[in-house]
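Let me begin by presenting the structure, written as C-alpha cells, before commenting on it.
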Amino acid sequence: MIAKLIEEEILKEVSEAQKEGLLPSDIKLRFQVEPPKVKEHGDYATNLALSLAGQAGKNPRELAQWFAEKFATRGDLFEKVEVAGPGFINFFIAKAYWQQVPRVIEARGKDYGRVEVGGGRKVQVEFVSANPTGPLHIGHGRGAAVGDTLSRLLSFAGFQVEKEYYVNDVGRQMKILGRSVYLRARELAGEKIDFPEDHYRGEYIREIARDLLEKEPSFLDLPEEEAIEKAKDFALQVILSGIKKDLEDFGVTYDHWFSEKSLYEGNYVEKALSFLKEKGLLYEKDGAVWFRAKDFGDEKDRVVIRATGEPTYFASDIAYHYHKFFVRNYDLVVDIWGADHHGYVPRLKAVIQAFGLPKEKLEVLLIQMVNLLEGGKLKSMSTRAGEFVTLRELLEEVGKDATRFIFLTRRADSPLDFDVELAKKQSRENPVYYVQYAHARLASLFRKAKEAGFEDPSAQGADLALLDTPEDFNLLKLLDYFPDTIEACVTKLEPHLLTFYLLDLATALHDYYTKHRFLSEDQPRTRARLVLAKAVKQVLATGLELLGVSAPERM
RNA sequence: GCGCCCGUAGCUCAACUGGAUAGAGCGUUGGACUUCGAAUCCAAAGGCUGGAGGUUCGAGUCCUCCCGGGCGCGCCA
C-alpha cells in the first residue's frame, strides 16, 4: 500500500515540476516504485528521475535531488529520502507508518486486501471446459485450480465475475461417445464386438452401458441410430454430473454450464456468421466458407463451413464469443485453455477484432502440462487407452488443499511436475503445510493467550510503537504489501503470485516465532505483539481462502 | 520447413514486465527444543542466467543469429 502512496506523491510533484517549468508539459510518465534488492537502498526506490531525464534533457541526479527534497517534506511517510547511484530515489519509510498497519487490518478485517481495480466491470472466466466424454484428469485439475482462484481474486479486486464451463455437447466426439456406450451395451448383452480403436475404451464406458441397460433393458431393441442417440444423451448426462461432482469436491463451482448445442438452437452460429458476412469478412472457396483471419494477424484464413455444409468447431467458437460479447456484454473475457491449443489463440483474437472489439477484451491463459510423478519417476498417461490419473483419484489420495496449492506453486504457463508421494508428505517439502502450519500456530497462540488472560486483543489502546524489532518490521512490511499482491495477481492474471506471497509471510512468521515470544510479563508489549499476530492470522486466512485452501485452527 | 513457449545453483522454481550486489525450497554439511506447536528456525557451500553479438546510463528480462527442449501448424475437437 505504501507503494501506492509514494506513487501519489510522485504524481503530485511531477505536475508541480511542470508548473515550475522544470519538466516539459508533454512528457510520457513511466516509472516504477519497488522494493530494491539491497536493504541499504531503502524500503522502496523509484527510477523516476532516470526515466524523465532523457525527455527533459536534464541531468538525472539533479532531477532526483529536486524531487527528493520535495518528498522529504512528508515526514509522516518518510524517515529519509535520498538520491543514489545514477539517479534512483530511495525511500526510507517512517517506522510509525509501518506500525499502524495492524490497525488498518483490524479495521478492515476480512476486507483487508480488497482493491478497486475492477470497478464493477463484468468479467467472465471460462475454464476446464473438458469434453464430456470421460472423467476429468490431473491436467484439468490444474486448469480448475487456476481458473477458480483467479476468479476469486478478480471478484476480491472489484470485478463482477461469472465462472463458466463450456460443454461441447455436439459434434463427432459426441457421436463416438454414443457409439462407444452402445457397443459396450451390446457386448454386455452377450454379443461379440470388435471394439473400434478410435472409440472410448475406458472402463467407465462399460459402467455407463451397464447402468443404461439396467434402467432401460429394452433400449437395444431400438433402431441403431435411435439407440446410439439415446446412449449419447444418457452418457452425457452421467459424465457431466460426474464432472460437476468432482469439481465441487475440488472446491470449484460454476455460475453457468454453457451448452454448445444451445448456440445452434438459438441460431447464434447463423447470427454470428452473418454478422461477419455483412462486414465482408467471409468468402467461398473450394465449396467451403472461409473467414478472413489473415486480415487480423492470423497466419491464414480459416474454414467455418465445410464443403459438406457442416460448420467447423471454429464456427461454434465464433458464435460462442459473439454470445459472450454481444448477448451477455462482458467487459472482459478470460479463456483458460490447455497450452496445446496455443496455435488457436491468433485465430480467436482475429475474431474479436473482426467483431470490432479491441483485442484486449479477450485474454487467453494457457495452462501448461502436468507431468505426474510417483516417487520421483515419471508416470505416463494416455487418455485414449483410458489410463490416466483422474482428478477424483488425486482428491482421494492427496486431498483438496495440497492439490490446489501445488497447482498454484508455478506460473500457469510453465510445465509442472506433480509428485503424488511428495504431495502426501506432511513436511517442509510440501509447501501447503508450511503456510497452514503458520495459521494453526497462531490459532494455538490465541488459545494460550486467552488462558493467560488476554481476551481478544484489539489495536485500540495498544502501543504499536513497541513493534520495533527487525522481525516486527519484516512482518509489518509484508502485511502492508498484501493489497499490492492482490493487485498484481489480477492485473497480470497470475494467481501463483499469491501462493508465493503466502509462503513469504509464513516464513517471516516462523522466523519471528523462534526469535521472540508473543506472551510475556511485559503487558503492553504482549498486547502489541498479539495485535500483530492477529493481523498476520487474518491475512493468512484471507489468502488461503482465495486459494480455496482451508486455514486450520489445529493440525 | 514455418509459428508460439521455454532454457537461471546438483534438482524444482522465483526475480513485481528494463533497474543497483540474480533470490527461495529440496538435497548436502554443521548447529538450535526444561519456555507461546521442532510440520519450525539458524549458518555454510553451491552461478559466466544455454552460447555469440547488438540496443543504452543499466539486460536474466528487449533485438539478431546459433545450440538444446516442449507444443502447434486439418474442411479434427
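Convention: sequence-line order gives letters A, B, ...; per-chain numbering from 1. It should be emphasised that the depicted structure is a prediction, and the values quoted were computed from it without experimental measurement. Excluded from the calculations below are hydrogen atoms, water molecules and symmetry mates; all remaining heavy atoms, backbone and side chain alike, are included.
- The side chain of A:A288 lies closest to B:C75, out of B:C16, B:C42, B:C75.
- Taking 3.5 Å as the limit, the base of B:G19 and the side chain of A:N47 contain a donor-acceptor pair of atoms between them.
- Look at the C1' atom in both B:G47 and B:U21: the space between them is 13 Å, to the nearest Å.
- Residues meeting the side-chain hydrogen bond (donor to acceptor under 3.5 Å, both in side chains) test with A:R306, sequence neighbours left out: A:E310.
- Sorted by first then second residue, the ring-ring contact (aromatic ring centres under 6.0 Å, His included) pairs that include residues 474-495 of chain A, not counting sequence neighbours, are A:F482-A:Y501.
- By the side chain to side chain contact (heavy atoms under 4.5 Å, CB included) test, A:A45 pairs with A:P36, A:N90, sequence neighbours left out.
- Looking at RNA chain B, the stems built from 3 or more consecutive Watson-Crick or G-U wobble pairs, each pair with its key distances under 3.5 Å, are B:1-5 with B:69-73, B:10-13 with B:23-26, B:28-32 with B:40-44, B:50-54 with B:62-66.
- With sequence neighbours left out, A:H321 forms a side-chain hydrogen bond (donor to acceptor under 3.5 Å, both in side chains) with A:D335.
- Nearest nucleotide to the A:Y437 side chain, out of B:U35, B:C16, B:U40: B:U40.
- Under 3.5 Å, the side chains of A:E260 and A:N168 contain a donor-acceptor pair of N or O atoms.
- The base of B:C71 is paired with the side chain of A:H342 by a donor and an acceptor separated by under 3.5 Å.
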Pairs under 3.5 Å (N/O, protein and nucleotides 24-31 of chain B):
none

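- Comparing B:G69 with B:C76, their C1' atoms are spaced 27 Å from each other, to the whole Å.
- A:R441 has its CZ atom 8 Å from the P atom of B:C41, to the nearest Å.
- In terms of heavy-atom proximity, A:Y264 sits nearest to A:S316 at OH-OG, 2.8 Å.
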